[in-house]
There are 4 protein chains.
Amino acid sequence: MHGSNSWGRLFSLRSFGESHGPAMGGILQGYPSGVKIDVDFIQKCLDKRKPGQKNTSPRKEKDKIQILSGVFKGKSTGHPIGFLIENQNQKSKDYEKIKDIYRPSHADFTYDIKYGFRDYRGGGRSSARETANWVVAGAFAQLLLKKYELKVNASISQIGDLKLKGKKESRQKKIMAYLSEIKRLKDTVGGIIECETSRLPIGLGEPVFDKLSARLAHAMFCIPSVKGFDMGSGFKDVHKKGSELNDSFVVKNNQIEALNKNSGGVLGGISNGQQLQFRVAFKPVSSHALLQKSVTKQKTTTDIQIAGRHDPSVLLRALPVVEALTWMVIADFYLLNKLSNSKRF
Amino acid sequence: MHGSNSWGRLFSLRSFGESHGPAMGGILQGYPSGVKIDVDFIQKCLDKRKPGQKNTSPRKEKDKIQILSGVFKGKSTGHPIGFLIENQNQKSKDYEKIKDIYRPSHADFTYDIKYGFRDYRGGGRSSARETANWVVAGAFAQLLLKKYELKVNASISQIGDLKLKGKKESRQKKIMAYLSEIKRLKDTVGGIIECETSRLPIGLGEPVFDKLSARLAHAMFCIPSVKGFDMGSGFKDVHKKGSELNDSFVVKNNQIEALNKNSGGVLGGISNGQQLQFRVAFKPVSSHALLQKSVTKQKTTTDIQIAGRHDPSVLLRALPVVEALTWMVIADFYLLNKLSNSKRF
Amino acid sequence: MHGSNSWGRLFSLRSFGESHGPAMGGILQGYPSGVKIDVDFIQKCLDKRKPGQKNTSPRKEKDKIQILSGVFKGKSTGHPIGFLIENQNQKSKDYEKIKDIYRPSHADFTYDIKYGFRDYRGGGRSSARETANWVVAGAFAQLLLKKYELKVNASISQIGDLKLKGKKESRQKKIMAYLSEIKRLKDTVGGIIECETSRLPIGLGEPVFDKLSARLAHAMFCIPSVKGFDMGSGFKDVHKKGSELNDSFVVKNNQIEALNKNSGGVLGGISNGQQLQFRVAFKPVSSHALLQKSVTKQKTTTDIQIAGRHDPSVLLRALPVVEALTWMVIADFYLLNKLSNSKRF
Amino acid sequence: MHGSNSWGRLFSLRSFGESHGPAMGGILQGYPSGVKIDVDFIQKCLDKRKPGQKNTSPRKEKDKIQILSGVFKGKSTGHPIGFLIENQNQKSKDYEKIKDIYRPSHADFTYDIKYGFRDYRGGGRSSARETANWVVAGAFAQLLLKKYELKVNASISQIGDLKLKGKKESRQKKIMAYLSEIKRLKDTVGGIIECETSRLPIGLGEPVFDKLSARLAHAMFCIPSVKGFDMGSGFKDVHKKGSELNDSFVVKNNQIEALNKNSGGVLGGISNGQQLQFRVAFKPVSSHALLQKSVTKQKTTTDIQIAGRHDPSVLLRALPVVEALTWMVIADFYLLNKLSNSKRF
């Protein structure tokens with residue numbers, strides 16, 4: 001069940017950890033027994049979102065996964081999987097100076113009011129470092145679903161005002177050049193990540209309050225800096241008529257299929273056998289290096305210039321995060337779908 | 001907790017009902033005792049989304065709320081509130097003819113595959129008639145929060161290719177003229193609903209997986225035909241830089257406030273004391289009256305022309321639904337927020 | 001998930017209703033599609049716990065089940081099953097007189113303090129009339145599991161100070177004679193119900209916090225008047241040594257089995273393939289017809305003699321309730337067990 | 001919410017860990033901010049259940065608590081509290097020999113069938129070592145409730161066939177002498193633990209499916225070896241009449257109170273302001289050192305003599321576990337009770 005730090009109904013993660021605490025970690029519950037757990041694969045997934053790559057935060061973390069339970073002789077046991085990622089590079093001193101200042105567009109202010117005080121080191125629990133936990137959970141989801149040969153692919157379709165098309169490599173080059181320029185300006189940018197899956201089975205998603213589309217939207221809005229989500233025709237084709245957008249059904253290879261992709265792969269909240277197709281809008285990183293106006297806890301006005309180790313854009317490192325959450329959503333619905341029809345029961 | 005037919009963590013609705021079954025209804029759990037329950041107010045909320053108004057479906061339903069438990073001598077008792085809305089105008093015969101045909105962009109096909117068969121009368125459980133239950137729950141939420149004097153206001157900012165600004169009345173006129181034309185064309189349109197709340201208290205929303213933004217996105221994507229959701233800068237300002245979008249804090253009347261509204265009222269997933277501001281994108285109603293191509297359950301190609309009682313656009317009737325879900329989200333987080341700080345405990 | 005008025009993780013009931021309100025009812029969620037729903041069978045189950053039989057409360061209720069959703073053409077659709085049982089015989093006047101008096105050993109006092117006021121008619125939400133909802137849910141559970149040919153059998157092993165052995169009929173005679181005498185004394189008695197199931201499959205129940213034994217204990221303690229629960233050796237063999245009580249494993253017909261029944265059918269919280277065997281202790285009905293001392297809401301001392309329609313013992317009518325809850329627990333764990341092993345997934 | 005490895009609705013623990021894995025641990029969610037966290041106190045609670053004391057298992061574990069998140073500058077932050085207890089003394093070799101043998105009355109057999117295989121070292125996830133996690137959670141619960149000055153006291157009222165009365169010290173002496181004798185016999189015994197709380201506030205517990213009594217029963221049945229639970233009059237007074245057992249209300253010091261204690265502190269599932277009073281029946285430890293008959297995974301008959309580090313009775317070490325679970329139940333209901341009445345909201 002969802003809760004402030006728990007995610008998923010059957011495939012369920014509860015996580016913990018602050019940016020500058022001793023460790024991040026979580027407990028996966030509901031993971032079936034007998035799944036081959038490839039720890040190297042999980043580590044590789046983690047490595048993809050690791051800081052310290054070009055045009056990402058220079059913070060150095062080894063981000064080594066430690067599995068503490070639920071795996072025995074290389075296979076999942078059906079019992080909860082406890083895991084840890086130690087935080088190794090916590091320069092808390094950076095934050096002592098600004099512990100009473102509310103960084104613009106950060107959670108410092110709302111956390112302070114809600115909880116009475118906060119762990120001010122690196123955003124504490126609000127830090128995007130939490131997404132490392134999700135990448136671990138996503139990797140476990142992927143191992144669970146390995147036999148189904150699905151694919152999930154996230155890519156950047158817009159970064160700042162730069163729109164991208166074409167092959168991955170040529171996109172990547174343009175992005176790196178663009179980000180170098182943004183970095184030079186000490187500024188930050190957001191953008192749009194598009195995500196597509198290969199054909200899921202028909203039937204994932206549950207009606208009314210647990211639609212596949214609703215759960216994807218929910219999941220993506222958990223990523224720090226996300227401000228928008230749409231599927232299929234979404235916002236961009238909102239002006240078109242029903243006669244233009246309806247996806248007629250056809251029979252292909254003796255299978256019923258929808259002819260075009262305006263629904264984004266979901267009908268009535270349930271996967272229809274087409275590619276899932278959705279877009280996630282990110283705002284720019286709030287921590288840019290230019291001078292900003294702000295206030296202190298004590299309600300005095302102040303200037304603030306955020307030092308520290310920050311990305312000009314989160315989009316590069318958000319790609320594996322978007323994919324991980326998508327895997328988690330899919331895995332949860334695979335398990336739920338087992339139960340909806342008494343013939344499968 | 002969320003589940004396929006349950007919504008909310010503390011303020012929690014479980015609902016039931018098919019479009020052409022005997023009744024819709026639900027059970028509200030977690031509703032505190034001692035709240036004055038104004039049944040006329042609830043009925044008025046229901047009347048706002050009632051079919052049979054101009055340019056909405058001509059289906060005639062009295063939509064009368066019946067409260068079966070949890071209210072005694074005009075006040076909530078703290079026990080579950082069971083309620084019913086009888087379905088009175090079920091012309092099931094309309095549907096016998098198309099019981100084996102998958103209507104394009106409807107849930108007929110996915111329901112059939114997922115469950116093995118379906119109640120084909122009016123979409124069964126996938127029908128937007130379910131939203132009547134939500135309007136009841138939203139009205140109860142509003143009664144619970146009455147003392148806090150909040151406001152929630154949804155309005156249409158775009159319908160089809162018609163963009164709207166200015167006063168509510170002048171918008172309404174343009175919308176009605178536009179819809180009459182769409183109806184004449186036997187076509188349908190979608191659009192964008194904007195929703196704003198008056199200033200919520202700071203602190204609603206829970207970190208990580210239960211952010212106010214994530215829960216709003218989840219809730220809105222439960223509405224049939226919704227394909228997009230964004231907050232604040234969202235998709236429309238995705239090209240802007242951090243230095244342009246960051247909301248500096250200022251002190252006004254001895255209160256800390258954010259200077260502008262790019263965050264949409266949420267920082268770190270928690271309300272920051274500003275107006276909530278979000279947009280919901282709807283696709284056109286799938287049931288237009290033009291001829292469409294489709295297939296049957298038996299995989300034969302067929303033409304289909306959907307008769308029945310359909311709206312040229314759901315947007316008019318979706319306004320009270322967007323508002324109701326917003327009230328439900330807010331009520332749930334009010335209750336949760338009571339518990340986050342031991343000083344309030 | 002469990003909650004104040006919700007029961008079960010996958011096979012899940014949420015219920016509502018007060019003793020003297022217009023109706024009892026509930027919503028079953030998580031019920032798979034395609035199950036043949038025999039409404040006569042459900043009605044027969046309800047009839048077994050109906051008041052108005054000899055030595056039970058003379059309150060007359062037809063207790064007719066109405067199914068409002070989730071069943072189409074005689075089969076479950078996979079969508080929530082809303083159901084209603086109207087209350088037809090509410091003599092609320094009986095209760096006006098004692099609305100300010102706290103009946104000894106009833107929930108009147110605790111409800112008043114917890115909620116500020118209460119529906120004083122017949123105990124409101126605390127009434128055992130709620131168990132009618134459970135009998136409906138239990139009947140649905142039984143229909144779901146029909147193909148597995150399980151049996152659940154509850155019987156009275158002690159009523160007041162009368163211990164019972166032997167055949168059901170001879171027990172029944174003794175019970176009726178005993179209760180007539182108790183009734184003549186205007187007093188009430190409790191007792192012990194034993195429940196046994198035929199051999200469940202091995203593997204029902206989940207480790208640690210969701211053990212089959214823990215869930216049965218939880219379920220039984222939801223029945224009004226229950227004060228004790230034990231399984232297998234339980235309280236009665238608590239003096240015996242490990243060497244006496246351990247259930248050695250043997251191989252019978254090429255199956256591994258436990259030799260004796262001290263574990264009550266559960267090892268490590270999981271069904272071991274033996275009969276489940278548990279006992280439930282009930283206190284006497286609190287509403288006896290003798291004069292009692294009590295106090296009013298206004299803290300004045302008073303005498304109270306409870307008129308109304310009361311049973312000399314709940315045990316006869318509790319038998320179908322114990323069985324219904326057992327079916328519900330089993331059904332929930334059947335669904336959960338589908339998911340624990342990736343080979344079944 | 002309850003689930004196989006999660007406990008509690010608002011004050012919620014999710015735990016992990018196998019007896020012979022690298023560590024036990026858990027995540028507490030829903031813990032309010034601003035509570036002073038006395039780590040020494042938590043460590044002292046853990047020390048009370050530590051193995052290696054006289055007449056308990058000689059396994060040596062330092063059982064040192066490590067808090068990884070959710071506490072900052074000595075106070076809870078309102079964010080999830082991750083904690084670890086490393087396992088330091090895992091002699092796995094003891095278990096290699098019996099990895100294919102199903103120890104009588106242990107979970108080896110049911111785990112193997114349910115999950116396809118198991119971590120056979122020390123019972124894996126079914127080990128009572130898990131209770132160390134609960135003692136940590138119970139200590140956190142106690143810190144949360146410190147200001148309310150409650151007391152929870154568990155004591156042994158029967159061990160094997162030895163019934164105990166009188167002062168704690170004189171009981172303890174008799175118990176130690178008795179257990180030395182049992183140990184000499186290489187046998188094991190169970191017994192009964194009684195638990196009492198000081199007067200709780202009136203109103204803890206929720207109606208119908210979340211009664212205080214039901215949650216206590218559920219919690220206690222999670223402890224390995226528990227076979228029975230009763231409250232107040234329970235099993236022992238089951239023969240008495242309503243006129244004997246009803247607890248009349250009286251007014252004392254201008255407070256309404258129940259005159260005697262047959263209800264065990266609960267009316268209608270809700271605390272009535274009296275002491276809670278319940279009893280928990282334990283079976284003997286299944287691992288005695290005498291020769292037993294059993295079977296292997298391969299269905300061959302075998303003799304087994306369990307070496308390893310085992311207690312002649314779990315009762316001494318179960319005392320802090322019973323208390324910890326009671327604290328957890330109370331803390332959860334304290335939080336829930338905040339929300340039941342709109343005057344407190």
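Excluded from the calculations below are hydrogen atoms, water molecules and symmetry mates; all remaining heavy atoms, backbone and side chain alike, are included. Quick note on labels: first sequence line is chain A, next is B, and so on, each numbered from 1. On a predicted model such as this, the values are computed, not experimentally measured, just so you know.
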- Message: Which atoms of A/Lys186 are under 4.5 Å from chain B, going by heavy atoms: the side chain, the backbone, both sets, or neither?
- Response: neither
- Task: For each of B/Gly116, B/Pro201, B/Ser287, B/Gly205, tally heavy-atom pairs with chain A at distances under 4.5 Å, and name the one with the top tally.
- Result: B/Gly205
- Query: Which bit of A/Val295 is near chain B, if near means a heavy-atom gap under 4.5 Å: side chain, backbone, both or neither?
  - Reply: both
- Message: For the residue pair A/Arg279 and A/Phe229, would you count it as a cation-pi contact if the rule is NZ or CZ under 6.0 angstrom from the ring centre and within 45 degrees of the ring axis?
- Response: no
- Select one option (side chain, backbone, both, neither) describing which atoms of A/Thr296 are under 4.5 Å from chain B's heavy atoms. backbone
- Item | Toward chain B, the part of A/Phe282 with a non-hydrogen atom under 4.5 Å | backbone
- Is a side-chain donor-acceptor pair under 3.5 Å present for A/Arg125 with A/Ser4? no
- Classify the angle between the aromatic ring planes of B/Phe235 and A/Phe235 as parallel (below 30°), tilted (30 to 60°) or perpendicular (above 60°). tilted
- Note on the structure: Honestly, the part of A/Leu290 sitting under 4.5 Å from a heavy atom of chain B is side chain
- Query: Using non-hydrogen atoms only, which part of B/Lys211 is less than 4.5 Å away from chain A: side chain, backbone, both, or neither?
  - Reply: side chain
- Non-hydrogen atoms of chain B under 4.5 Å away: do they reach the side chain of A/Asp112, the backbone, both or neither? neither
- Message: Can you confirm whether A/Asn272 sits close enough to A/Val266 that some side-chain heavy atom of one is under 4.5 Å from a side-chain heavy atom of the other?
- Response: no
- Message: Would you call the rings of B/His218 and A/His218 parallel, tilted or perpendicular, taking 30° and 60° as the class edges?
- Response: perpendicular
- Query: Given a strict heavy-atom distance threshold of 4.5 Å, which part of A/Asp187 is in contact with chain B: side chain, backbone, both, or neither?
  - Reply: side chain
- Task: Go through the atoms of A/Ser126 and report whether side chain, backbone, both or neither lie under 4.5 Å from a heavy atom of chain B.
- Result: neither
